[in-house]
Amino acid sequence: MLGELEGTVVFRELLALFPTSWLERISSHPSSEAAEKTVTMSGFKLTSGSGRFERDANVQSSASGEPIRHTQRPMVTGSSVIAMRCVDGVVIGADTLASYGSMARFRKISRLHKATDMCVVGAGGDLSDFQQLTTMVDKETNRDYCFNDGHGLSPKAIHQYVARVMYNRRNKMDPLWNYVVIAGMQNGDDGEEAKPVLGLVDLVGTHFESEVIATGFGEYLGLPLLRKAYREDITVAEGKKVVEQIMKVLFYRDARTIDRVQIATVTKDGVDMGEPFKLETEWSYKAFVDGARAGDMSTW
Amino acid sequence: MSVLRPNASVMGLPYTAPGNAPRGFTLGEHVDPEDPLEVGNSSNPHGKPRAIGPMGRRFQPYKNNGGTVVAVSGKDYSVIASDTRLGSGYSVPSRNVSRIIKLTDKCVLASSGMQSDIAVLHKVLRIRLTQYQYAHHQEMSLTAISQMLSTMLYYRRFQPYYTFNVLGGIDAEGHGWSYSYDAIGSHEKVRAVCSGTGQNLLQPILDNQVEFRQTAPEKKPEELSLEPCVELVKDAFTSAGERDIYTGDIVELAKVTAKGVEIEKFELRSD
């Protein structure tokens with residue numbers, strides 16, 4: 001805004017409106033006597049007396065002179081992540097598509113990341129932001145590994161770390177546009193059995209742990225199915241089938257999904273990232289073929 | 001979900017002035033900020049809509065995760081309660097996210113509003129209380145906590161914590177009190193108060209049943225004891241759960257007495 005006015009008559013007139021007493025008060029302060037008599041605000045440096053103004057070099061600005069406008073929108077995006085905490089581990093699944101708006105731009109990318117031997121991080125939302133986030137998580141896990149003290153970063157620690165990063169970025173109005181799912185096995189305190197952990201963090205820092213998590217379009221279509229399928233004693237093998245089936249439902253109805261999915265599991269034996277595979281779909285159902293013309297229903 | 005907004009399919013394309021733009025069908029003015037497919041130019045009613053990229057959303061730093069919090073205090077007790085539903089738009093991402101925190105043996109805080117702000121507020125409060133304990137070798141009093149909370153909220157006056165707090169506990173004399181706050185620290189010391197999405201439903205009930213406001217003239221006010229008070233709060237939550245979509249699933253209810261804090265849970269409807 002100010003950048004557009006820079007150097008114009010209007011701007012100089014505006015400048016004259018700044019309270020000179022304020023400038024003088026600062027310049028008359030004994031400790032600032034020797035320093036240059038300037039006040040900085042909103043990325044501009046005002047020098048008392050002269051009516052001169054410069055850009056404050058300490059504040060970043062874009063080439064056009066405007067203050068930096070952070071990425072406030074997702075560009076290349078992933079859709080749903082579906083995850084379930086089971087009795088013996090965690091299952092987390094996502095399709096392999098990265099869309100550019102309605103365009104299926106990258107068809108074979110992975111939206112799941114192996115953070116540690118006991119933790120997988122998956123995400124929907126902006127893909128470049130996710131890659132930035134995985135870099136940050138890797139930096140932390142690597143730093144912790146270098147202590148060589150026999151302890152790794154636990155899934156709960158990673159969950160909390162991601163939550164703090166996301167909350168901090170939203171406070172700066174420069175969010176990482178992601179819905180991040182953290183799945184892992186948490187070691188007990190004193191030789192206790194490792195427990196499965198599943199958590200979510202979103203772009204404003206909302207974070208919680210839950211037995212079932214679905215993001216993106218999956219929040220609408222997948223979450224009710226996950227809740228219906230969930231049992232206290234459901235196993236990873238069963239959970240994998242549930243997640244696969246939900247990915248199929250999403251492929252039928254979410255236009256930003258592809259029929260290639262990756263399903264990772266974390267159990268006491270560690271992380272299995274799972275190979276991406278093609279969903280088997282069935283399009284010959286009568287209602288699919290006939291649609292509204294089937295006569296007994298208005299639409300399928 | 002939005003009512004049909006076909007222009008969402010061409011959001012990646014350059015902006016066309018409204019006059020020249022192909023007139024699509026706009027069946028409703030309804031805008032759902034949670035909808036991933038929503039066209040995001042509603043935030044800029046004046047001037048031209050911004051080109052907002054293929055996903056077409058502008059960043060909104062605040063959101064309301066709903067929930068209702070209640071504090072009712074009597075002569076020597078305080079009851080503080082909150083439900084655990086985490087709402088977002090028309091969805092319920094989680095049914096069991098606690099919004100209640102035991103600050104000391106004589107003081108409990110419940111907060112509704114935005115979950116991430118609540119989490120941070122509770123974290124910072126916990127730190128401040130621990131520091132106080134190390135410095136003074138005693139727990140912070142209810143009155144001191146009530147003032148500190150206000151100060152902490154006002155410290156973020158220009159980027160507020162989106163939280164609506166009720167604080168309950170017993171003071172140095174052993175009397176129960178409730179405090180209610182707005183997002184920027186204005187507060188009031190009262191007998192019974194509630195905040196959050198069920199506030200409009202519950203506050204008149206509390207006014208009537210606890211403070212005997214708007215009662216028939218022949219009805220005599222009498223002091224509410226702990227057990228009837230707990231029943232009142234439970235009934236109030238059950239009612240709110242029937243009518244407020246952001247309140248439900250589970251209620252966590254803390255009873256603060258001279259003996260300490262006791263937390264119980266009970267279920268609300270989950271639909």
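No experiment lies behind these values; they were computed from the predicted model shown. The sequence lines fix the lettering, A, B, ..., with proteins before strands; numbering per chain opens at 1.
For the pair A:R170 and B:Y62, the cation sits on the ring face: its NZ or CZ lies under 6.0 Å from the ring centre, inside 45° of the axis.
Considering CG of B:D83 and CD of B:E252, their distance stands at 9.5 Å, rounded to 0.5 Å.
The closest donor-acceptor contact from the side chain of B:T247 to the backbone of B:G241 lies at 3.5 Å or more, if one exists at all.
Applying a 4.5 Å heavy-atom cutoff, the residues of residues 108-118 of chain B that approach chain A are B:M114, B:Q115, B:S116, B:D117.
For A:D202, the part lying under 4.5 angstrom from a heavy atom of chain B is the side chain only.
Around atom CZ of A:R227, more than 12 heavy atoms belonging to other residues, nucleotides or ligands sit under 6.0 Å away. Within 6.0 Å of atom CD in A:E232, 12 or fewer heavy atoms from other residues, nucleotides or ligands are found, so the atom counts as exposed in its surroundings.
No salt bridge links A:R256 with A:D95; every basic N to acidic carboxylate O contact stays at or beyond 4.0 Å.
Between the side chains of A:Q186 and A:S154, at least one donor N or O sits under 3.5 Å from an acceptor N or O.
Among A:T215, A:L223, A:L200, A:V204, the residue with the largest count of heavy-atom pairs under 4.5 Å with chain B is A:V204.
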